[in-house]
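All chains are named by letter (A, B, ...) in the order of the sequence lines, taking the proteins before the strands, and each is independently numbered beginning at 1.
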Amino acid sequence: MSFRTRLLLAFMVVLLIPLGVLAFGVRREMDRRLTAEYDRRVHALADVVQDDLRRRSGEVAARLAALRADVGSDNRFRLAAVQADPAARGWLLDYAGGAMHLAGLALLQIQDSSGRILSSGHFRNEFDRLDPDLPTLLAQASDTLTIVRARIAEGDFLALARLDSLRVAGRRYTLVGGVALDPRHLGQVDSAGGLAVELLRPGADTTPASAGVVAVLGVPFLDLTGADRPRLDTARVLVTQSLSQLDALRRSVNGWLLAALGLTTAAALLAAAWLARRVSLPLAELARKTETIDLDRLDGDFATERTDEIGALSRLLGAMTARLRQSTGRLREAERRATLGDVARQVNHDIKNGLAPIRHVLRHLTQVAAEEPAKLPQVFEERRGTLESSVGYLDTLAGNYARLTPAMAQRPCALNEVVREVARLCEGRAPLRLSLAADLPPVRGDELAIRRVLENVVGNAADSLDGKPGASVTITTERAGEHGAPLVRLVVADEGRGMTQAELDRAFDDFYTTKERGTGLGLTIVRRLIQDLGGRLRVETEPGLGTRVIIELPVAQA
Amino acid sequence: MDRQLYETLVRYDCTGRVRPGLAQTWRSEDGGRVWILTLRPDARYWDGVAVTPQAIAASWAADSAAGPAVQAAGILAVAAAGERDLRLSLAQPHDSLPPGLADRALALTRQAPDKKRLGTGHYRPAPTGTSPLTLLPADTSAHAVVRVLATRDLRDALDAGADLVVTDDPATLDYAATRPELSVVPLPWNRTYILVVPSRPGFALDSASSGRLGETLAQDVVRVDARPAQPPFPWGSCAGPPPAGAPGADPTSARLGYPADDRTARDLAARIVAIGAAPARSIVGLDSAALRESIRAAREPAYVLAVPKRPLVPCEGRTLWPADITIVPLVETRAHVVVRRGAPPVTVDWDGALRLAPEAP
């Protein structure tokens, strides 16, 4: 599993689990609080409804009491009801209608003791009908308000009714009065809030399935519209709180949580990708640089401006590489010195081998000169080939040994002078441009070694132009290494054919060359010389555009 | 007020005798199938244009309301038979003039160039229009100027000095009875309330109780002057067969229909429901169009309606009803006229229409 994947999973776990827990917690708390609030509201409304019913009951009772006083004191009632005066009968029939409206009632009925309707306000023409059950049943309902389903000419209606009575001339008359009841107006419910008040008549179905929180009030109920004799029953005033708002809130919260989840996931993906890129890329770059390091290639550049852990690691690797470079130098020096004895013995052996024929020829010529001087020219001619061959051998031998690296001097060296000299030697091979820093400090090293380095690098650059029109080689010197040990940077840039990554990877391998007559040792020697000089070497190249060889050498200590 | 403005060919007085209107004399031909009416020579519109037989024929042809009245009167053809003679061809022979000729729908009108309706009556509206409406004598006769007061409470009109109020409102009549300068005179019984029972399975009236229904309802039920409906009933030859009366219909949802603007009909319907005299549980008020349609479709088991007690055309209107209905007479009512003492006299026609009589010289 890649680092990026692990990072992504870590982000998901770190973000999504808390978010899920938060969502669960929010929903649960929301449910708990809203349900509790609904319960409080429902029961508060039930109390309001009950108070409202009581209040209306009191109002109806007060209005009936006023009517009772009015009826009792009105002689026309006495004439009509007691004396059965035909002249007052019309007044009596219409009395309940007028009194009902004046008293603000919707139901008013006056009966005599036998239950005969003397006057009815809500249904004028039901006079003389016998209805003794109504006052009897209302009396059974004690002094509380009773819901009455009363009959009128156009149908029926619900009323909150009460009973009162009076005595005139020793006869008892009952007054049944009430106000209209619209269950929707009980408690002045605002149905938009999900609260509802519903009147369930006896025998009606139970609580509607849509109701969430429910409170029930029992109210005496009397149905006067049925074909059978009425009986006192109980209606239920149902106060309900719909959960539709809670459901809508849940859906909304779910939507928002899903949106947050989606956004968080997207953010986690982006953050993981960004962080992985920010963390893994420098690490991968460090790894790539580290891969190139071996004892022969200790010039990797680990310099960085980063101030974080990766920067520290990079600098640590750079310091380690520097220490390796120094150690390798010392090791090579020890190795060279150890090898020097072998070389000396080899040279001694080789020289002896070369000198041995010469010595023999010289002894022969000495002997001929002493014994047969006249044959000396002839013998010399005969042995001349041997001498020349031996001398040639020695010359060749000398040339071969001359390639062996001598121990380099460690002294201040004017780099710009060396550059100018090499430039003069290379005139004619390629267009050269010099950009040399004026105040360049002397570098520490051997002029000869630096010259060999420059000859190789500039020679390669000139060869890479390969007659490309307008292309040139630029040699630049400048100060470098501001944040560490002072350095001088030498850059040889050409506009030649450049190298592929594969070519670059093998450029420092021994005997690797892209030239027809190349030995494949040039850059190897250059790298070793740079290492011996305590410097660093890196190559930047782009196929078709050219190559920049960057050499950094330590500044000579004053 | 229309009767003061627009005239019919003849009219019928309160005793039922035919009286001249636009027609001065008349005679029959062809065994009573043709009647020739001679217009009075001074019959003129308010603008002075003489009334001709052609004008009468044209007026009936142009007035959409006249068509049904012409048909109800049994008139097949109308034509001029001379300079002042109008020839009416009837579908059936008549011994006397068809009473339908006095129908107000057959009153003569003519449209003036300014779109106003011109009549031939003794009164015409004040030309400039007044509020309250003022009627001016159309000629130089002894008719007084009449102002028509519009008020919600007729007692206000009496207090404002009205000379003539026609009403059945008990409060107004009670008030007028307390005023010495006013006289309250009952008008003829002019309206009969009936229970119309369309033929509909499941509903039947108890014939015994329905016979006594009028007596029951005449007492205390309505708030106007009423009595049990008394024969003769003009619809006798119009009624269809009785309803089938098959039992089994649900009476709990049945309603008793009545004209929504007729309080007396509502009171009667409510009482019928209250005492269970009809198989209905409640009543329903319907406007005229809805009521007509409801009766035609027999949507309700019964209806309480008012019909003229003395119709000029007995079966007029029954054409809109289904044939198979039963009519139970309930009560008949009348209005009263309150007359200020000393005011010009009025007369009453057969159909209850008041006519302002000329002032005595």
If you round to the nearest 0.5 Å, how far is CG of B:Leu268 from CG of A:Asn125? 8.0 Å

Considering only heavy atoms, which portion of A:Asp156 lies under 4.5 Å from any heavy atom of chain B: side chain, backbone, both, or neither? neither

A:Thr225 portion near chain B, given a 4.5 angstrom heavy-atom threshold: both

Main-chain N/O of B:Arg281 paired to A:Arg151 side chain as donor or acceptor, under 3.5 Å: yes

The interface call for B:Ile275 against chain A, heavy-atom contacts under 4.5 Å, is neither

Checking heavy atoms, do the side chain of B:Val221, its backbone, both or neither come under 4.5 Å from chain A? both

Is the CZ atom of A:Arg229 crowded by more than 12 outside heavy atoms at less than 6.0 Å? no

Just wondering, are more than 12 heavy atoms of other shown residues or ligands nearer than 6.0 Å to CZ in A:Arg116? yes

On a heavy-atom basis, the closest approach of A:Ala153 and B:Ala270 is CB-CB, 3.6 Å

Between B:Ala274 and A:Phe123, what is the shortest heavy-atom contact and its length? CB-CZ, 3.6 Å

Any non-hydrogen side-chain atom of B:Arg271 less than 4.5 Å from a side-chain atom of A:Asp128? yes

